[in-house]
Number of protein chains: 2
Amino acid sequence: MSRAENRLEITRAIQGTARRHLADVGPAALSLRAIAREVGMVSSAVYRYFASRDELLTALIIEAYDELGAAVEAADAGVRRRGDLAKRFLAVCHAVHEWARAHPHEYALLYGSPVPGYAAPDTTVPSAARITGAILRLAQESERAGHPLGAPVRTVSTQERRALGGVRPALDVTMSDDRMVRWLMAWQTLFGHVSLELFGHMHRGILDYDAHFQQVTEQLAADLGLSG
Amino acid sequence: MSRAENRLEITRAIQGTARRHLADVGPAALSLRAIAREVGMVSSAVYRYFASRDELLTALIIEAYDELGAAVEAADAGVRRRGDLAKRFLAVCHAVHEWARAHPHEYALLYGSPVPGYAAPDTTVPSAARITGAILRLAQESERAGHPLGAPVRTVSTQERRALGGVRPALDVTMSDDRMVRWLMAWQTLFGHVSLELFGHMHRGILDYDAHFQQVTEQLAADLGLSG
DNA sequence: ACACGACGAGAGCAGTGCTCTTGTTTTCGC
DNA sequence: GCGAAAACAAGAGCACTGCTCTCGTCGTGT
């Protein structure tokens with residue numbers, strides 16, 4: 001085995017072990033030493049592969065974003081042929097919900113509190129944009145199909161018009177301002193629901209998370225004008 | 001100074017210092033030893049006042065919930081006399097938004113990722129319920145005033161009806177199911193917006209957070225049927 | 001007055017991220 | 001093919017962390 005191959009394999013072993021530890025104990029309790037022990041190295045040796053704990057964390061963040069992004073895109077593609085935009089939107093929402101519930105620590109790493117002293121580098125941006133991009137691409141298709149919004153939107157202020165200016169170039173989508181407002185609200189509701197649920201704020205209030213999520217996402221689809 | 005007085009004062013000094021450290025470095029980096037140093041004690045002495053780091057954290061969580069709860073209630077009370085429900089709702093939303101921006105680490109402690117290995121005890125529940133309670137009390141008043149929802153809600157499924165069963169006893173409010181669905185969605189949108197903003201997910205997309213928040217909350221008020 | 005309990009200090013344990021040095025092994029240029 | 005250079009693993013060490021245990025000291029209720 002060549003040196004380059006070996007390096008790749010060990011890097012993968014470290015990241016894989018880190019991933020499993022992350023799922024077990026969460027990002028804040030991730031121990032580089034414990035990872036090294038399991039891989040069969042001494043802790044200092046890990047620094048040959050990742051310059052710091054933060055760099056390892058960045059790799060895990062990108063991996064998680066890409067996994068969630070792939071899940072979302074797969075869910076969309078799975079119903080694209082025989083489904084209308086409402087079905088596709090619901091599939092995307094459920095993909096986010098299910099992935100988050102299956103990987104609560106990874107979800108917390110992505111959408112929970114930022115790790116203190118850690119600032120995500122720009123390398124994470126493209127992977128992060130996959131999820132929001134997949135959602136807003138449905139919005140764009142909806143507009144191109146000429147579907148009106150299900151619930152009307154108030155007049156968009158000029159400040160808000162300016163504020164929205166960054167979304168189109170960042171995610172490479174185009175649509176009217178009022179549609180973007182509704183879809184951004186749906187985006188916030190979706191992640192608000194998932195975060196509040198996963199972080200325990202629905203405890204003893206909502207008795208059936210899945211039923212409530214179903215109701216909320218169907219309502220979002222109706223507000224967006226997706227239900228035929 | 002009697003022993004009991006002294007104990008109270010030192011307890012407060014520890015919690016106050018902890019609070020300042022929390023605002024500086026965030027919950028995960030909270031160091032009991034550093035707090036002890038600043039108070040002028042050795043770390044082991046702190047354990048006379050808080051049985052563990054987790055117990056200190058619990059005290060901070062309750063303090064933060066109560067502070068946010070008080071801010072929300074004050075915002076509501078401030079416009080109650082001369083304002084309709086729309087103004088009160090907007091005041092409450094802005095209170096949450098502003099408190100979160102002024103105290104990002106405290107907000108993260110409350111609504112961000114749970115601290116690993118820490119489970120919030122039931123003592124935090126009443127304080128946590130103040131915020132959601134203040135919001136849903138507006139919903140109740142809106143219903144009692146006979147205001148219809150601004151955006152209609154789909155038929156509430158029987159599963160969802162059951163799922164909502166815990167909200168009324170937990171927060172001591174009553175309202176119809178469809179109204180509760182809309183208000184819970186508004187609750188999710190509000191905290192979704194704040195979390196996504198504070199945790200960096202609107203970076204380079206939304207160029208003016210305040211303008212967008214204004215637009216979104218006004219839209220929520222309209223959907224809830226609050227705007228006269 | 002005295003015994004008990006509260007208290008602060010200190011040492012110590014097991015763990016952390018990270019750095020530096022040391023010895024070994026692989027790779028590459030001549 | 002050989003020697004220099006780079007890559008690598010290991011270990012010791014530093015400054016931390018939460019937490020426990022012990023040991024004197026001092027305030028307080030009986």
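Chain naming here is simple, since letters A, B, ... match the order of the sequence lines and numbering starts at 1 in each.
Summarising the geometry, the separation between CD on B/Glu55 and P on D/dC19 is reported as 10 Å, rounded to the nearest angstrom. Per the geometry, CG belonging to B/Asp54 stands 10 Å off C1' belonging to D/dG18, to the nearest Å. Nucleotide C/dG17 holds its P atom 5 Å from the CG atom of A/Leu32, rounded to whole Å. In this structure, CG of A/Leu57 is placed 16 Å from P of C/dT16, rounded to the nearest angstrom. With rounding to whole Å, A/Leu30 atom CG is found 15 Å from C/dG15 atom C1'. Remark: C1' of D/dA7 and CE of A/Met41 are 14 Å apart, rounded to the nearest angstrom. B/Ile14 places its CD1 atom 8 Å from the P atom of C/dG8, with the value rounded to the nearest Å. Remark: C1' of D/dG18 and CZ of B/Arg37 are 13 Å apart, rounded to the nearest angstrom.
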Practice prompt. Kindly indicate, with the supporting measurements, whether the criterion side-chain hydrogen bond (donor to acceptor under 3.5 Å, both in side chains) is fulfilled by A/Asp210 and A/Gln214.
Written response: CA-CA 6 Å; A/Asp210 285 324; A/Gln214 183 70 26; over 6 Å; no
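The local environment of CG in A/Asp172 is sparse, with at most 12 non-hydrogen atoms from other residues, nucleotides or ligands closer than 6.0 Å.
For B/Tyr47, the listed nucleotide lying nearest its side chain is D/dG18; candidates were D/dG18, C/dA9, C/dG17. Looking at the side chain of A/Arg33, the nearest of the listed nucleotides D/dC19, D/dG13, D/dA10 is D/dG13.
Taking side-chain N and O atoms only, A/Arg53 has no distance below 4.0 Å to OP1 or OP2 of C/dC18. Within the 4.0 Å cut-off from OP1 or OP2 of C/dA9, not a single side-chain nitrogen or oxygen of B/Ser44 is found. For the OP1/OP2 pair of D/dA7 and a distance below 4.0 Å, the side-chain nitrogens and oxygens of A/Arg48 include no atom meeting the criterion. Side-chain nitrogen and oxygen atoms of A/Tyr49 include at least one within less than 4.0 Å of the OP1 or OP2 phosphate oxygen of D/dA9.
At a threshold of 4.0 angstrom between heavy atoms, the contacts of B/Ser52 are confined to the sugar-phosphate backbone, with no base atom among them. Residue B/Ile10 is classed as a sugar-phosphate contact, given heavy-atom separations below 4.0 Å to backbone atoms only. Among the atoms of the strands shown, none is found under 4.0 Å from any heavy atom of B/Leu56. Residue contacts shown for A/Phe50 are absent, as no nucleic acid heavy atom lies under 4.0 Å away. Within the 4.0 angstrom heavy-atom criterion, no nucleotide atom of any strand lies near A/Ile35.
Using cut-offs of 30° and 60° for the angle between ring planes, the B/Tyr107 and B/Phe191 rings count as parallel.
Residue order along DNA chain C, read from the 5' end via each residue's closest nucleotide, puts B/Arg7 first among A/Ser43 and B/Arg7.
With hydrogens and angles ignored, the 3.5 Å screen pairs no side-chain donor or acceptor of B/Ser195 with any backbone N or O of B/Gly192.
Checked against a 6.0 Å centroid threshold, the rings of A/His193 and A/Tyr209 do not count as neighbours.
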